[in-house]
Structures are given as structure tokens and as C-alpha cells.
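Keep in mind that this is a model prediction, so the values were computed, not measured.
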Amino acid sequence: MIVSWNTTNACNMYCAHCYREAGCKAEEELSTAEAKKLLTEIARAGFKIMIFSGGEPLMRPDILELVSYAASLKLIPVFGTNGTLITPTMAADLKKAGAKGMGISLDSLDQEKHDKFRAFPGAWEGAVRGMKNCREAGLPFQLHTTVMDWNREELSAMTDFAVEIGAKAHHFFFLVPTGRAKTIEEESLRAEAYEEVLTAIMKKQQEVAIELKPTCAPQFIRIAAQLGYKTRFRRGCLAGLSYCIISPRGKVQPCAYLNMELGDVRETPFDEIWRSSEVLQKLRTLEYGGGCGLCDYKHACGGCRARAAFYHGGDYMAEEPWCLYHGRRGE
């Protein structure tokens, strides 16, 4: 089970696709004491992997204290970061505190393209420097790439770069129009390209030893099965099933891209929200509409619930729009 906490809305970048619309620190972000209470409730709910994200989580002054506290609860602390603040000292301190992995964003091998997308001169150099600092400190790291129409042709080369620099994995994030990403929705892949890119990633996985994992593209499970490839992953969309996210102010959502507030951890313990939320209970029924409901891969894929909601007027149980598979639909 995986949970992601947006530790702060503060960020040193202004990325075009940011679902949290990060930049400035938000008012009333969880205090250190409130954060520790949240972490205790997350562990009590049975979660194992604790993702510290943002904004930029390394801009939170107490981040090392919180990582250490999470580790003391037997949670596995990992990060989603732009990497630019990972100095040699910070890498060593993160490892000492108990961090087990750093997901570092890199969206192109072209420095100018990456820097433009992240609205931050030097973003590419900073991310790569952060990776090297992790490597030197013995802190595992992986590449996180947002898949767009303008970088799809270099994804394979980026995986090769990940292998070369010493990354443990390369994860691909398929755009969901939430937050600032609504303004670049036209740059996201459509059904045919979506299928082609996922197929290429699954084939590339057979060539490299590091893990390749699409995110917000649950059809990769079906594509791997159709190609006869084995994968350790058993489920595509995890929203509400074994994953959720918490905002800087303590609001719980089914996933980062389903902007629905299910409860406030300041008012209700997180484990109670996770257990009793009506929305989460509905997601767990797998009673999807349209083709997703009829699909023979319903239990393995599930379609992207956030993308379904965006393109179907908020109906998070509707059919995933960017899927070519028809299987036993209509039979």
C-alpha cells in the first residue's frame, strides 16, 4: 500500500503540468506535530510506502525529522522531487534519516526543453547533479518522466540514460489534466499514441535490467499480458484501492489527479477516512461504467479513474477515454 503526502505547496519551480499548482507555501500547512500524528495514522492504516512529495518536499525545514519519524514507524520513506536541492550533504542526511529512494524528475534529454517545461533555468543540470549526489551517497534513485507529445520519441533514450547514470528505475507519468496541466491538455497523448508508447515501454523493459513503470496509464498491465511479458505489477489504477494522497493542508484525495476532498486529517484520523470514505468504498466496488465495466481486464487495469472523471463531467467511475482495447465489450 502506497500513500503520498504533499508536504508543502512551496516549490522553487513553476512546472507547466503541476497538479498542485505549486509555487508559494500554502497557508495552514500541517505543522511538524500534525505531520507526525498523520504519519502514525498512516502506519496504523496498514500503509507501507510513504511518498514525501510537494511542491518540493526538500523545501520543508523539518523534512529530515519527518523522514526519520516515518522510518521509526516502519514506513518506507521515498520522495518525489525535482532533484535540484539534493546536495551531497542533503543526500547523505536523507540516507541517514532513513530515506530509501528518490524519484527525480527529468522530462527530456534536451536541457532547454526540460528547463522550459519546469520554468526554471538550470533545472536539467540541477536534476542530474542531484542524481549523481544520490549515487555517491549510496541513496537509491529513479527517473520520473512526464510523457507528452513532444518527448515521446526520446523515452527509450531516456531509459538508456537512466541505466547509464545508475538509476534503479524509470517511471513514466502520463498527463492527467488537473491543476496547471489543464492548460496543456492538448499536448497529452491520445488513444493511438497512448497505446503505441505503452507498448514501446513494455518492449523496452525486456532490454534493460532496471524497472520501467507507467503511471496513470493502467493499460500497461493489459498490454504486457497481450505481449506475453511478465510484470510484478498486478493492478493498474490504484486510486482508493491501495493508494491515496494527502494535501499540504491535510485534505485526503483518492489520487493526485482526482481533486476530491474526502476528509480533513485535522478533523478525522487518516485511518478512519481511509476505512470509511464513501468515495473510496465506491472505487473499491470496481463497478465501472461503459467499456471499463465490461472489459475482461477490469480487475487488472481499471482504467485511469482521474482521466475518466475529467472527460466525463466528474464521473470517476466512467469509462477511461484513452483506451483502444475492446475485448469482450458488448458481449
Side-chain angles (χ1 to χ4, degrees), residues 1-4 42-43 45-51 74-76 78 80 100-101 103 140 142-145 147 159 168-174 176 194-195 197-245 253-258 274-275 277 279-309 316-320 322-329:
M1 293 173 65
I2 306 170
V3 63
S4 179
I42 285 171
F47 284 83
K48 300 301 181 185
I49 299 177
M50 179 67 230
I51 303 174
K74 307 303 181 185
L75 293 170
I76 302 172
V78 296
K100 299 300 183 184
Q142 61 190 45
L143 266 65
H144 287 176
T145 300
V147 179
T159 294
K168 301 298 183 182
H170 187 190
H171 287 199
F172 306 85
F173 290 75
F174 285 68
V176 180
Y194 193 81
E195 188 92 358
V197 170
L198 285 174
T199 300
I201 291 171
M202 291 298 97
K203 290 182 176 180
K204 183 70 173 181
Q205 178 66 92
Q206 311 310 304
E207 303 173 9
V208 296
I210 68 171
E211 175 186 278
L212 305 186
K213 166 67 165 61
T215 296
C216 296
Q219 292 82 3
F220 85 92
I221 297 282
R222 183 254 305 165
I223 290 172
Q226 290 175 323
L227 291 171
Y229 297 157
K230 292 183 178 180
T231 173
R232 72 177 181 87
F233 302 102
R234 296 292 176 263
R235 173 72 189 181
C237 182
L238 304 177
L241 306 181
S242 58
Y243 171 82
C244 71
I245 192 167
Q253 299 175 207
C255 83
Y257 309 103
L258 264 176
W274 175 253
R275 182 177 63 253
S277 163
V279 171
L280 297 182
Q281 289 179 353
K282 188 173 182 179
L283 283 165
R284 291 163 191 165
T285 67
L286 307 187
E287 294 175 355
Y288 308 130
C292 286
L294 300 171
C295 183
D296 43 339
Y297 283 95
K298 177 173 72 172
H299 294 279
C301 170
C304 175
R305 297 298 96 215
R307 198 173 285 113
Y316 55 88
M317 299 300 284
E319 177 180 300
E320 149 82 66
W322 303 144
C323 183
L324 291 180
Y325 184 69
H326 298 289
R328 292 196 292 268
R329 295 179 184 179

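With sequence neighbours left out, the side chain to side chain donor-acceptor pair (under 3.5 Å) criterion links Thr215 to no other residue. Listed by chain and residue number, Leu258, Tyr316 satisfy the side-chain contact (heavy atoms from CB on, under 4.5 Å) test with Ala309 (two or more places apart in sequence, or in another chain). Listed by chain and residue number, nothing satisfies the salt bridge (charged side-chain N to carboxylate O under 4.0 Å, His left out) test with Arg305 (two or more places apart in sequence, or in another chain). Every residue meeting the side-chain contact (heavy atoms from CB on, under 4.5 Å) condition with Glu211, not counting sequence neighbours, appears here in chain and number order: Ala169, His171, Lys213, Arg232, Phe233. Evaluation of the ring pair (Phe, Tyr, Trp, His ring centres under 6.0 Å) rule for Phe47 yields Phe270, Trp274 as partners, not counting sequence neighbours. Applying the side-chain contact (heavy atoms from CB on, under 4.5 Å) rule to Thr199 yields the partners Glu195, Lys203, Ile223, Leu227; only residues at least two apart in sequence or on another chain are considered. The side chain to side chain donor-acceptor pair (under 3.5 Å) check on Ser277 picks up nothing, with sequence neighbours excluded. Listed by chain and number, the residues in a ring pair (Phe, Tyr, Trp, His ring centres under 6.0 Å) with Tyr297 are Tyr325 (sequence neighbours excluded). Lys204 meets the side chain to side chain donor-acceptor pair (under 3.5 Å) test with Ser156, Asp160; sequence neighbours excluded. Evaluation of the side chain to side chain donor-acceptor pair (under 3.5 Å) rule for His170 yields Thr145, Thr159 as partners, not counting sequence neighbours.
Shown here for Ala224 and Thr231, the closest heavy-atom pair between the two residues is CB-CG2, 4.3 Å. Shown here for Tyr194 and Ala217, the closest heavy-atom pair between the two residues is OH-CA, 3.1 Å. Considering all non-hydrogen atoms of both residues, Ala239 and Leu283 come closest at O-CD1, 3.7 Å. Across all their heavy atoms, Pro140 and Lys168 have their closest contact at CB-CG, 4.0 Å. Between Val176 and Ala306, the shortest heavy-atom contact is CG1-CB, 3.9 Å. Considering all non-hydrogen atoms of both residues, Gly303 and Pro218 come closest at C-CG, 3.4 Å.
Using a 4.5 Å heavy-atom cutoff, the side chains of Met202 and Pro214 are in contact. Contact of the Leu280 side chain with the Pro254 side chain is registered, since non-hydrogen atoms from C-beta on lie closer than 4.5 Å. For the pair Glu320 and Cys237, the minimum side-chain heavy-atom distance is 4.5 Å or more.
Distance check: His299 NE2 to Ile221 CD1 gives 14.0 Å after rounding to the nearest 0.5 Å. Note that the OG atom of Ser242 and the NZ atom of Lys48 stand 13.0 Å from one another [nearest 0.5 Å]. If you take SG on Cys301 and CG on Asp296, they are separated by 10.5 Å, rounding to the nearest 0.5 Å. Rounding to the nearest 0.5 Å places CG of Leu238 at 11.0 Å from SG of Cys244. Once rounded to the nearest 0.5 Å, the distance linking CG of Leu212 with CD of Glu207 reads 9.5 Å.
Within 6.0 Å of atom NZ in Lys100, 12 or fewer heavy atoms from other residues, nucleotides or ligands are found, so the atom counts as exposed in its surroundings.
Of the possible donor and acceptor atoms, one in the side chain of Arg307 sits under 3.5 Å from a partner among the backbone N and O of Cys216. Side-chain atoms of Gln205 never come within 3.5 Å of backbone atoms of Ile201 as a donor-acceptor pair (strictly under, hydrogens ignored).
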Criterion side-chain contact (heavy atoms from CB on, under 4.5 Å) on Cys295 and Arg222, from CA distance to verdict
CA-CA 11 Å; Cys295 183; Arg222 183 254 305 165; over 6 Å; no

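Legend: side chain to side chain donor-acceptor pair (under 3.5 Å) pairs involving residues 280-290, not counting sequence neighbours, sorted by first then second residue: Arg235-Tyr288.
The side-chain contact (heavy atoms from CB on, under 4.5 Å) test with Val197 singles out one residue from Phe172, Phe174, Phe220, and that residue is Phe174.
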